[in-house]
There are 2 protein chains.
Amino acid sequence: MSEEEPEMDGPEAVDECADHTRVRDREATRQRILDSARELFTRDGYAQVSSRRIAAHAGVNVALINRYFGAKRGLLAEVVAEEAVFPGVFEGDPATLPRRIAEQLVHRARGEATPLQRALEHSAGDPDLQAIYAERLESAMLVPLAGHLSGPDARTRASLAVLTILGLGTLRRVEGATALAEGDAGELTERFTSIIAACLAETVSPQSGPSGD
Amino acid sequence: MSEEEPEMDGPEAVDECADHTRVRDREATRQRILDSARELFTRDGYAQVSSRRIAAHAGVNVALINRYFGAKRGLLAEVVAEEAVFPGVFEGDPATLPRRIAEQLVHRARGEATPLQRALEHSAGDPDLQAIYAERLESAMLVPLAGHLSGPDARTRASLAVLTILGLGTLRRVEGATALAEGDAGELTERFTSIIAACLAETVSPQSGPSGD
DNA sequence: GGTATAAGTAAACGGTGTTGACTTGTCAAG
DNA sequence: CTTGACAAGTCAACACCGTTTACTTATACC
């Protein structure tokens, strides 16, 4: 019984006397829904937040969600579309790309991800969101990453790196924040760097389990 | 309009005249529910299968699910507990462990996972299942894997390998089966082997992004 | 000022997981 | 064989979900 009741008044008690010229403002209402959705999705995850709760938080009627966004799914799609995944990481010197990705991964492992990244981790499994998630993965990660790789099998190598990024999200979601948060950050960065480097390697030489099959 | 209607009679039309001695059999009913749940969860994923559908498929009343398993969640918990994740992979020569894991990963990448593994991939994001998933991850993967590692930071290194395994599941779930299925299986095995080896490496040497930060 | 139209609303629909009160079949004791 | 107790199974309801439809109401233009 603290400040966590979901039935709060709204982000701001809508003062209908502020401006007489516009009370019914489509764009403002839309934005209010979007802001509430982002806040609640970020805090609790997609499946945990009901349409009615979003509407109550935004101080609007439930039906407006479907009117403006088609369905609840459309709300998350719009929220997701706003945010960059790893801004600028995939651009730059390919030689130091693994290290840059690794640094982002360590940030995420230590809970310093953007709230929306966390929201997506919460929401990854929902099949309702698969199309949204797939599109985002493709356009924001696989394509730019593969585009900056030289050599053969760029797509496969990019997939392997993305796989690692996704795996960290899943591990954090399932195991909690403690999974890789302990230990030296520098060493973890080194580990991730070598892992990503292995993912992105142009050629792979047989290791540890030699040719004897 | 083929054979996919979910409203079929059940796994077998329950013939109440087969044996007059026992019509009300607690254990048989429980098992029937469990079998139906496994089949449907495997085929469609946890969230897509409703309690009522499971009950209808098993030919029992919905309330029995909660009577016998507490809640729908309990059904999945029991189904999951029955199945081994990677039988025997973590035991054996540590030197060839990365290759054994890699071979399992390639199997999974090519869609040859056990149906239950696929079901779990479908269902990973559901927070209702987080505790089940976490327990399974811990007892079936992290603990045995870390236990067979020598050297420092066994837990961290095991987490990194598990992270890769989980990432493949997420990638498959989001991107579909085509993600890593194309291409030469042998080469993919080599790639995964080197990645897992990087995850499990006892020590890590600075790579590619050198000391200049 | 009157009116078309968009913004916002209320109530319902079918669906979900879950629960409690109820019925009924089975088995053992009298 | 009858009777009772108890477990197995049933039914109807609860509260909630996402969504849709018909409706009211405020706004902006003529």
Side-chain angles (χ1 to χ4, degrees), chain A residues 5-7 10 14-34 36-37 40-41 44-78 123 126-129 132, chain B residues 6-7 10 14-34 36-37 40-41 44-78 123 126-129 131-132:
Chain A
E5 277 94 3
E7 316 83 334
V14 56
D15 184 3
E16 73 269 16
C17 299
D19 186 340
H20 278 238
T21 70
R22 277 177 162 272
V23 180
R24 289 189 165 186
D25 186 332
R26 176 188 179 92
E27 218 44 51
T29 302
R30 227 189 95 99
Q31 196 59 45
R32 206 130 44 85
I33 295 173
L34 208 52
S36 295
L40 295 176
F41 286 162
D44 296 339
Y46 177 78
Q48 283 62 52
V49 179
S50 70
S51 300
R52 285 174 172 85
R53 189 141 91 83
I54 297 170
H57 187 273
V60 304
N61 191 280
V62 204
L64 291 185
I65 290 180
N66 293 68
R67 173 185 285 283
Y68 287 144
F69 300 94
K72 187 191 174 191
R73 178 191 326 114
L75 252 180
L76 187 82
E78 201 137 331
S123 315
D126 199 314
D128 198 32
L129 272 43
I132 297 171
Chain B
E7 317 82 332
V14 56
D15 184 4
E16 71 268 17
C17 298
D19 184 340
H20 278 237
T21 70
R22 278 176 158 273
V23 179
R24 291 189 163 188
D25 186 332
R26 177 187 177 94
E27 217 46 50
T29 303
R30 228 189 93 100
Q31 196 59 47
R32 206 130 44 88
I33 295 173
L34 208 51
S36 294
L40 294 176
F41 285 163
D44 296 340
Y46 176 79
Q48 283 62 52
V49 179
S50 71
S51 300
R52 285 174 172 84
R53 189 141 90 86
I54 297 171
H57 187 273
V60 305
N61 192 280
V62 202
L64 291 185
I65 289 180
N66 293 67
R67 174 186 285 282
Y68 287 143
F69 300 94
K72 187 191 174 191
R73 180 192 324 116
L75 251 180
L76 188 82
E78 202 138 330
S123 315
D126 200 314
D128 199 32
L129 272 43
I132 297 170

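The chains referred to below are lettered A, B, ... by the order of the sequence lines, with proteins before strands, and numbering in each begins at 1.
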Derivation and outcome, side chain to side chain contact (heavy atoms under 4.5 Å, CB included), residues B/Y46 and B/K72: CA-CA 9 Å; B/Y46 176 79; B/K72 187 191 174 191; 3.7 Å; yes

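Phosphate contact (OP1/OP2 of D/dA8, side-chain N/O of B/T29, threshold under 4.0 Å): absent.
When side chains are defined from C-beta on, B/T29 counts as touching B/R32, because their heavy atoms get closer than 4.5 Å. With a 4.5 Å cut-off on side-chain heavy atoms, A/Y68 and A/L75 do not count as touching. Taking the side chain as every heavy atom from C-beta outward, A/L34 and A/Q31 approach each other to under 4.5 Å. In this structure the side chain of B/F69 never reaches within 4.5 angstrom of the side chain of B/L64, judged on heavy atoms.
Between the CD atom of A/E27 and the C1' atom of C/dA6 there is a distance of 14 Å, given to the nearest Å.
Axis orientation changes by 20° from one end of the helix from C/dG1-D/dC30 to C/dG30-D/dC1 to the other, with each end axis drawn from 5 pairs and the value rounded to 10°.
Counting all heavy atoms, side chain and backbone alike, B/S36 lies closest to B/I54 at CB-O, 4.0 Å. Of all the heavy atoms in B/A71 and B/N66, the pair that sits closest is CA-ND2, 3.9 Å.
Salt bridge status for A/D44 with A/R53: present, with a side-chain N to carboxylate O gap under 4.0 Å.
Counting any heavy atom pair closer than 4.0 Å across all strands shown, A/Y68 reaches sugar-phosphate atoms only and no base atom.
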Under 4.0 Å protein heavy-atom contact, by nucleotide of nucleotides 10-23 of chain C - B base, S sugar-phosphate only: B-B---BBBBB---

